[in-house]
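Reading through the structure tokens given below for one structure.
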Number of protein chains: 2
Amino acid sequence: MELREFRVFLAVAEEGSVSAAARRLRVSQPAVSQTIAALEQQTGLDLLVRRSTGVGLTDAGTVLAAEARAVLARYEQALTAVGQFATTGDTELRIGVPLEFPPLLLPDAVAALASTHPRTRVAVRHLSSATQLDALRAGDLDLGLLRSRPADRDLDAMVVVEEKLGVLLAATAERPDPDSVRLESLAGLSWVGFPRADSPVWFDEIAAVLRSHGLNPGSPAAPGQSLIAEVKFAAVSAGQAFTFAPEKWTQPLPPSVAWTALTGAPLVRRTWAVWLADSRRRDLAALVSHLDQG
Amino acid sequence: MELREFRVFLAVAEEGSVSAAARRLRVSQPAVSQTIAALEQQTGLDLLVRRSTGVGLTDAGTVLAAEARAVLARYEQALTAVGQFATTGDTELRIGVPLEFPPLLLPDAVAALASTHPRTRVAVRHLSSATQLDALRAGDLDLGLLRSRPADRDLDAMVVVEEKLGVLLAATAERPDPDSVRLESLAGLSWVGFPRADSPVWFDEIAAVLRSHGLNPGSPAAPGQSLIAEVKFAAVSAGQAFTFAPEKWTQPLPPSVAWTALTGAPLVRRTWAVWLADSRRRDLAALVSHLDQG
DNA sequence: ACCGCCCATAAGCGAGGCTTATCGCGGCCG
DNA sequence: CGGCCGCGATAAGCCTCGCTTATGGGCGGT
């Protein structure tokens with residue numbers, strides 16, 4: 001299974017014909033036949049149905065075609081990236097950011113990076129922690145910012161922020177002490193947060209804290225409809241729910257919502273910077289150290 | 001640039017030594033030297049710094065190493081998928097779903113698919129329209145459900161849902177007619193929706209409608225902090241904002257929020273099923289047809 | 001029935017990637 | 001300070017693999 005074989009197979013799949021594929025690839029027809037035969041032997045699958053008018057894909061062939069396309073696409077992307085570096089010297093540093101990441105931290109670090117590594121272009125994407133882990137391992141992301149330390153051996157991690165969380169409540173909620181609340185006193189409300197799939201570890205931490213204070217974390221939203229968050233969060237200012245938030249909330253709060261400190265249950269949200277342990281990128285190392293000092 | 005060269009280069013990069021890489025790959029040292037030389041010639045870049053104690057990566061080498069890792073990772077994934085099919089006959093059909101997709105539509109179609117194609121495992125991911133387009137083209141997604149018809153020639157598309165949108169308003173809002181509102185009457189409120197980057201086409205459609213009715217679409221949230229939606233949406237029930245929603249809203253509305261039909265400006269949200277035009281997957285075709293009839 | 005196009009098979013050839021042999025260089029130790 | 005060892009580069013030969021041309025069987029259209 002080599003790229004050459006993928007290219008040949010895709011040509012056959014797209015042309016629906018061995019001969020036509022051979023013409024397109026500017027090789028002889030037997031060369032294509034041999035390559036297909038080799039693929040079928042390696043996979044142990046019938047990839048093509050031979051008809052007298054040409055060939056069609058079997059189900060197995062369809063699977064292989066899709067995978068082959070994906071591999072070749074990633075390969076082309078790699079060539080582009082290398083070519084880009086060869087001509088302009090520019091490198092892209094791809095960073096993933098979770099929800100509610102302190103908005104100043106990253107721009108400051110990126111600005112510091114720009115002065116020392118002017119040829120590094122930073123591309124930031126909003127991604128859940130789980131997605132970032134996959135992307136890091138797949139090489140589609142250079143630096144992740146996530147809400148849990150990965151167990152993985154070949155990922156390095158460093159805490160970049162620790163935020164002491166308070167709660168957001170409806171401004172009209174009755175509070176014995178206006179400056180702080182205890183989790184237990186929120187028993188009548190439901191917690192609104194984020195889908196568990198986005199960051200299972202952090203979700204479970206929160207759920208454990210809630211349970212230990214007599215609160216019901218609530219049924220996690222059913223997969224497939226987990227993100228219909230718009231209406232849910234309206235519940236906060238309607239006095240039906242609460243959510244956690246750090247004290248230094250950067251967005252202006254609407255008057256109907258107020259932040260209050262938590263007492264009794266220090267809930268700390270950590271955000272880790274995570275990167276492939278065997279990455280030797282100096283711009284990445286520089287950015288991480290800026291995040292560390294910032 | 002072939003996979004073999006990538007593997008050799010990565011071995012050298014990870015070992016920090018040509019000789020050690022050769023031992024690991026169970027080939028002779030000159031074979032590795034020759035491969036590296038070929039790579040350097042093809043790229044026109046110096047990939048390694050030769051030190052008497054071994055070799056190190058140049059910046060160019062670091063870029064290539066990262067790309068090579070990504071390509072090989074995708075390649076391994078392809079082998080796994082094909083092997084999976086070869087042994088179990090199972091195929092994965094990867095589907096992307098946007099926010100607020102009618103929750104029954106997909107499960108029904110998937111159930112219908114399961115009866116005709118029992119070996120197809122469906123994997124659903126919540127992704128923005130923009131992300132889905134990339135994933136489709138990269139071969140990382142088999143079927144996308146998005147809020148705009150792609151201009152792309154090699155993507156086929158079909159409308160699966162048209163939803164006539166109304167507005168969600170604070171239940172306490174004054175409404176001359178309780179059963180419908182005109183967009184113009186919402187001039188004092190701000191629209192809360194989704195980040196433009198998630199689905200630029202649909203966003204711009206909405207923005208155009210708003211402007212044509214004398215409303216200000218508002219400044220799109222600054223990139224990098226666009227998704228801090230929790231507090232924003234509290235604004236709806238606080239009477240500061242409105243959002244669009246189809247009439248058949250599946251989640252129970254909190255009492256502080258009410259749905260109202262729109263008159264004067266029929267705003268229709270279409271969701272398209274999108275797939276690679278040259279995909280011949282029969283399970284995909286079956287699912288699409290179920291979505292069409294459902 | 002024949003011709004044309006399809007794909008598969010067979011046999012020969014050439015290039016590319018392997019091998020072994022050898023060199024130059026620098027670090028390290030006696 | 002000299003010799004030695006391990007590093008990587010170069011040279012030359014060989015073998016495998018993927019190409020070629022030649023050919024055969026099967027099916028459809030005229």
Side-chain angles (χ1 to χ4, degrees), chain A residues 1-62 64-65 68 71-72 75 79 280, chain B residues 1-62 64-65 68 71-72 75 79 280:
Chain A
M1 291 249 231
E2 277 299 316
L3 295 186
R4 182 189 62 83
E5 297 174 304
F6 285 171
R7 279 186 273 261
V8 170
F9 183 69
L10 282 183
V12 172
E14 283 162 18
E15 296 286 344
S17 154
V18 173
S19 305
R23 282 192 291 273
R24 190 168 110 184
L25 297 170
R26 318 222 162 227
V27 296
S28 68
Q29 169 261 313
V32 175
S33 282
Q34 289 166 16
T35 299
I36 302 295
L39 269 177
E40 288 188 319
Q41 186 155 9
Q42 285 167 24
T43 59
L45 296 167
D46 286 345
L47 299 175
L48 300 179
V49 286
R50 277 77 173 175
R51 310 178 133 272
S52 66
T53 165
V55 295
L57 290 181
T58 62
D59 288 350
T62 310
L64 181 63
V71 172
L72 287 177
Y75 172 77
L79 292 193
R280 302 278 167 95
Chain B
M1 291 248 231
E2 278 300 316
L3 295 186
R4 183 190 60 82
E5 298 173 305
F6 285 170
R7 279 186 273 262
V8 170
F9 183 68
L10 282 183
V12 172
E14 283 162 19
E15 297 286 345
S17 153
V18 172
S19 304
R23 283 191 291 273
R24 190 169 110 186
L25 298 169
R26 315 222 166 229
V27 296
S28 68
Q29 170 259 313
V32 175
S33 282
Q34 289 166 17
T35 299
I36 302 295
L39 269 177
E40 289 189 319
Q41 187 156 9
Q42 285 167 22
T43 60
L45 296 168
D46 287 344
L47 299 175
L48 300 179
V49 286
R50 277 78 171 173
R51 313 180 131 268
S52 64
T53 163
V55 295
L57 291 181
T58 61
D59 287 351
T62 310
L64 181 63
V71 172
L72 287 175
Y75 172 78
L79 292 192
R280 302 279 167 96

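In what follows, every chain begins at residue 1, and chains take the letters A, B, ... in the order their sequences are listed. Just so it is clear, the values below take in all heavy atoms, side chains as well, and ignore hydrogens, waters and symmetry mates.
- Closest to the side chain of B/Ala31, from the set C/dT19, C/dA8, D/dG8, is C/dT19.
- Comparing D/dG8, C/dC18, C/dT19 by their nearest atom to the side chain of B/Gln29 picks out D/dG8.
- When heavy atoms are screened at a 4.0 angstrom cut-off, B/Arg51 is found touching no nucleic acid atom at all.
- Taking atom CG of B/Leu57 as the reference point, atom C1' of D/dG8 lies 16 Å away to the nearest angstrom.
- Picking from C/dA10, D/dT10, D/dC7 the nucleotide with the shortest atom distance to the side chain of B/Arg23 gives D/dC7.
- Screening B/Val32, B/Ile36, B/Thr35 for a side chain to side chain contact (heavy atoms under 4.5 Å, CB included) involving B/Phe9 leaves a single residue, B/Ile36.
- Picking from C/dC18, C/dC7, D/dG18 the nucleotide with the shortest atom distance to the side chain of B/Arg4 gives C/dC18.
- Side chain of A/Tyr75 to main chain of B/Met1: a donor-acceptor pair is present (N/O by atom type, distance under 3.5 Å, no hydrogens or angles).
- Side chain of A/Glu40 to backbone of A/Leu47: a donor-acceptor contact under 3.5 angstrom is found.
- Taking atom CZ on B/Phe6 and atom P on C/dG17, their separation rounds to 14 Å, with Å as the unit.
- Atom pair A/Glu5:CD and D/dC19:C1' shows a separation of 14 Å (rounding to whole Å applied).
- One atom, CD of A/Glu2, and another, C1' of D/dT16, lie 15 Å apart when rounded to the nearest Å.
- The phosphate of D/dC19 has neither OP1 nor OP2 within less than 4.0 Å of any side-chain N or O from A/Ser28.
- Residue contacts shown for A/Ser19 are limited to sugar-phosphate atoms, with no base heavy atom under 4.0 Å away.
- The neighbour count for B/Arg50 CZ, taken as heavy atoms of other residues, nucleotides or ligands under 6.0 Å away, is above 12.
- The side chain of A/Thr35 contributes an N or O atom lying less than 4.0 Å from OP1 or OP2 of D/dC19.
- Nucleotide D/dA9 holds its C1' atom 13 Å from the CD1 atom of B/Ile36, rounded to whole Å.
- Distances were taken from every side-chain heavy atom of B/Ser33 (C-beta onward) to each of D/dT10, C/dT19, C/dA8; the shortest belongs to D/dT10.
- B/Ser52 has no side-chain polar atom (N or O) that falls below the 4.0 Å cut-off from OP1 or OP2 of D/dC7.
- Regarding A/Met1, its CE atom lies at a distance of 14 Å from the P atom of D/dG18, rounded to whole Å.
- Between the side chain of A/Thr58 and the main chain of A/Asp46, a donor-acceptor pair closer than 3.5 Å is present.
- The distance between atom CD of A/Gln41 and atom P of C/dA8, rounded to the nearest whole Å, is 14 Å.
- We find that B/Glu14 and B/Arg24 are joined by a salt bridge, their nearest charged nitrogen and carboxylate oxygen being less than 4.0 Å apart.
- Taking for each of B/Val32 and A/Val32 the nucleotide of DNA chain D with the nearest heavy atom, the 5'-most of the two is the partner of B/Val32.
- Taking the nucleotide of DNA chain C with the nearest heavy atom to each of A/Gln34 and A/Glu40, the more 5' of the two is matched to A/Glu40.
- Across all strands shown, B/Val27 has heavy atoms under 4.0 Å from sugar-phosphate atoms exclusively, and none from any base.
- If you take CD of B/Glu15 and P of D/dG6, they are 17 Å apart, rounded to a whole angstrom.
- For A/Arg50, whose side chain is taken as the heavy atoms from C-beta onward, the closest listed nucleotide among D/dG8, C/dC7, C/dC18 is C/dC7.
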